[in-house]
Amino acid sequence: MSVAVLPSAVALERRDDVLVATIDNPPVNALSNAVRAGLLAAVDTLEADSALRALVIRSQGRLFSGGADVTEFGPAMRLPLLGEVIARLDACASPVVAAIHGAALGGGLEVALACNARVAAASARLGFPEVKLGILPGAGGIVRLPRLTGIAPALEMIAEGKEISAARALEIGVVDALAGGDLIEASIAYARRLAAGEVPLRRVGALPFPAFPAEAQAEARAALGRKFKGREAPQKAVELFAMAAETPFAEAAEREYAACRALLATPQSRALRHVFAAERAAARPKAIPDGTEPRPVERVGIVGPGTMGRGIAVAMLDAGLPVTLVGRSATALDKARAAIAKSYNGLLRRGTIAADEVDRRLARLTTTEAVADLAGADLVVETISEDRDAKRAAIAAIDAALSDRAILVTNTSFLDIEDLASATSRPQNFAGMHFFNPANLMRLVENVRTRAAAPDVLATLMALSRRLGKLAVLVGPSEGFVANRMLSKRTREALFLLEDGATPRQVDRVLTDFGFPVGPFALADMAGLDVLAATRVARAASLSARERAADIIETLVAAGRLGRKSGAGYYAYGEDGKAADDPATAELLKRHRARRGIVARSVSDAEVLERCLLALVNEGAKLVGEGAVDRASDIDVAWTSGLAFPAHLGGPMFWASEMGLSKVAERLDHYAGLVGDEFFAPAPLVRRLAATGGTFQ
Ligand code: T1G
């Protein structure tokens, strides 16, 4: 056996008559320039040596390949391009086999599809995540995958970015075999069978492309339009599938590549790639020095069996953690356990989880009325109601029960977290973990640093969030943190707009046309207006005089309109559950304006959009200026993952940067004149960036 290490990220090794090429490009084996060159060298070696009968491509590390190197995306890609590598693999006279472990994604899967066969480890996953970056496979994914699977499964993978398991890949023909034992040995054996003619040698590009009739195209377009509102790439995928069905292979491959390049230059792709990078940057907060080891978390406690406590418990149980749930009464705890079991039963009915797995998760849940039972917990989440004195008392009691190294976090939404920290004897072990409802489903967690919190405590929160499958942003302590603090400014403007003469329908329509799945008033009706009214009471001290006077929610509640649950709120809800405009709301608004001495005027859609969004952006700029977040892109992560800001617009700060900060400042000045300085005077950071021509990025 001889080993030749090329000056590239691909090592070559001869296993008798089979050449094994090993991609080694940490952390995700992206197909960087050195990998592409290495793969070409592998094909050269194979073709130059008649003693070699086949090539196996495998990878070192966690996964086969995460695809093209996104850091290389730019106007000029360095040669060789991936397309050249793919074409050489495809044209190779001797068999080539891909040995897939971990995951084969994007360009990584395209490399595999250009091989004659694919052998996968049973745990491997395969997918085309390009669409999440606003692009599409550009190196043969579109022209090859449907030839193996048919149209529908390929569209799911390419236009929706759906990842599949190795078992599913075998079922739909994407892989040829699953390796029971050693993947490399199985792949080498498969390559030898191909070389010996025991298994017919196939080139995916030579298979017929399935028919894609016009009606099926129209259906796919409509379904994707509903599912991915406003997104260009999924629609483009349908167009390219249709093109590939009618175009000779080589020409179709060229057109696929050109389309991918064109998508790369779109604002949507820039925005989505910004979000991808922002999510990864958020994982490295400045307050946590490199190399800080998180503390081990093996057992968690949750105090407060209400909605949030239950959701957090499910998130922990789902991640394999044993949970001790503490409540004040057996009745409350029984209710919580029943609710948790019910949510698992829902999954069971839908077939997304196995019965024995539900049993295992529920078996990890212990309920108790005794705070002392938290003694063995490594981390405890306090989720009792938002009442300062009650929270301080609960926190002091939990603190007394915990060991010296245990971490205590509060899930408060808007109480002063430094004040809560002062209720503990070990403030270095105290911080915030602000989950969103439903806590087991929402991706965002705001981890809140307090002045005294130890870096390894913060590192533990970040690591735990990741283990829960969440996206975490580390934020500073301020009222409402990032998401709710900014959202409250949009809520304020939405209410002021109603006072000025807009209707709930207009505001909701403008924001859903922008790309939010639901507008603020339809959302308020879902949340319950009584709940929102209570929040207004709790926050009264920090509301401005005009906000306090804009008591539309209180007026609606007084009229018995609590939102969806009472059949009417801003809208009226009939049998069909649809939100209908209600003359009674219009009448209440009219009286409200009369009482406040406001003369209704017609408000343009542009004004609605600018006031709602610029109010967010300006508050975001204040958060950045105060150092409450490390970078503006952390805000974009919070909004795209937690508050449904359309990711293809990049988040509020990216959106504002695209608009240009001098325009942002100019519009803020305009609304400061119209609505009031206290609401719209540009944040100092906006002024500075407007003057220097900078952006938030
Ligand atoms: N290129 C460059 N760097 C990448 C990368 C990539 N494709 N994928 C991940 N990284 C970096 C990432 O920034 C982070 O860096 C580190 O690797 C670990 O990532 C021609 C057009 C592979 C499932 O869209 O989905 O192929 O922050 O923290 O949770 O058609 O990364 O540590 O400095 O996310 O284990 C298509 C994107 C490209 C895959 C691993 N591929 N990546 O998840 O680790 S387009 C993708 C992921 C394409 C062809 C085209 C995930 C992952 P840092 P991580 P992870």
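Any value given below was found using the heavy atoms of this structure, including those in side chains, with hydrogens, waters and symmetry copies removed. Start at 1 and go down the list; that is how both ligands and their atoms are numbered.
Counting protein heavy atoms only, atom 11 (C) of ligand 1 is closest to Pro27 CG, 4.4 Å. In terms of protein heavy-atom proximity, atom 36 (C) of ligand 1 is closest to Gly66 O, 3.8 Å. At the shortest separation from atom 35 (O) of ligand 1 among protein heavy atoms lies Arg62 NH1, 2.5 Å. At the top of the distance list for atom 7 (N) of ligand 1, counting protein heavy atoms only, stands Ala68 O, 2.8 Å. Looking only at heavy atoms of the protein, atom 27 (O) of ligand 1 is closest to Arg284 NH1, 2.7 Å. In terms of protein heavy atoms, atom 13 (O) of ligand 1 is closest to Arg280 CD, 3.4 Å.
Within the 4.0 Å heavy-atom cutoff, Phe128 does not count among the residues contacting ligand 1. Within the 4.0 Å heavy-atom cutoff, Ala103 does not count among the residues contacting ligand 1. The closest approach between any non-hydrogen atom of Gly141 and ligand 1 is not below 4.0 Å. Ligand 1 has no atom lying under 4.0 Å from any heavy atom of Glu163. Not a single heavy atom of Lys132 sits less than 4.0 Å from an atom of ligand 1.
Nearest residue to atom 44 (O) of ligand 1 from Arg125, Arg466, Glu130 is Arg466 (criterion: closest heavy atom).
Between Met433 and Asn447 there is a side-chain heavy-atom pair separated by less than 4.5 Å. For the pair Phe228 and Glu160, the minimum side-chain heavy-atom distance is below 4.5 Å. For the pair Arg221 and Glu239, the minimum side-chain heavy-atom distance is below 4.5 Å.
One N or O on the side chain of Gln268 and one on the backbone of Glu232 form a donor-acceptor pair closer than 3.5 Å. Although no hydrogens or angles enter the test, the distance criterion places a donor-acceptor pair under 3.5 Å between the side chain of Arg273 and the main chain of Leu264. A side-chain donor-acceptor contact under 3.5 Å links Asp378 to the backbone of Arg299. The closest donor-acceptor contact from the side chain of Asn25 to the backbone of Ala30 lies under 3.5 Å.
Close approach to Gly67 involves these atoms of ligand 1, each under 4.0 Å from a residue heavy atom: 26 (O). Near Gly138, meaning under 4.0 Å from one of its heavy atoms, ligand 1 places the atoms 30 (O). Contact atoms of ligand 1 toward Ala30: 1 (N) (distance under 4.0 Å to a heavy atom of the residue).
For atom 24 (O) of ligand 1, the nearest protein heavy atom is under 4.0 Å away.
Residue pairs meeting the salt bridge (Lys or Arg N to Asp or Glu O under 4.0 Å) criterion with at least one member in residues 63-87, sequence neighbours excluded: Arg36-Glu72.
Side-chain contact check for Tyr190 and Asn116: no donor-acceptor pair (N or O, by modelled atom type) lies under 3.5 Å.
The side-chain contact (heavy atoms from CB on, under 4.5 Å) check on Ala271 picks up Phe654, with sequence neighbours excluded.
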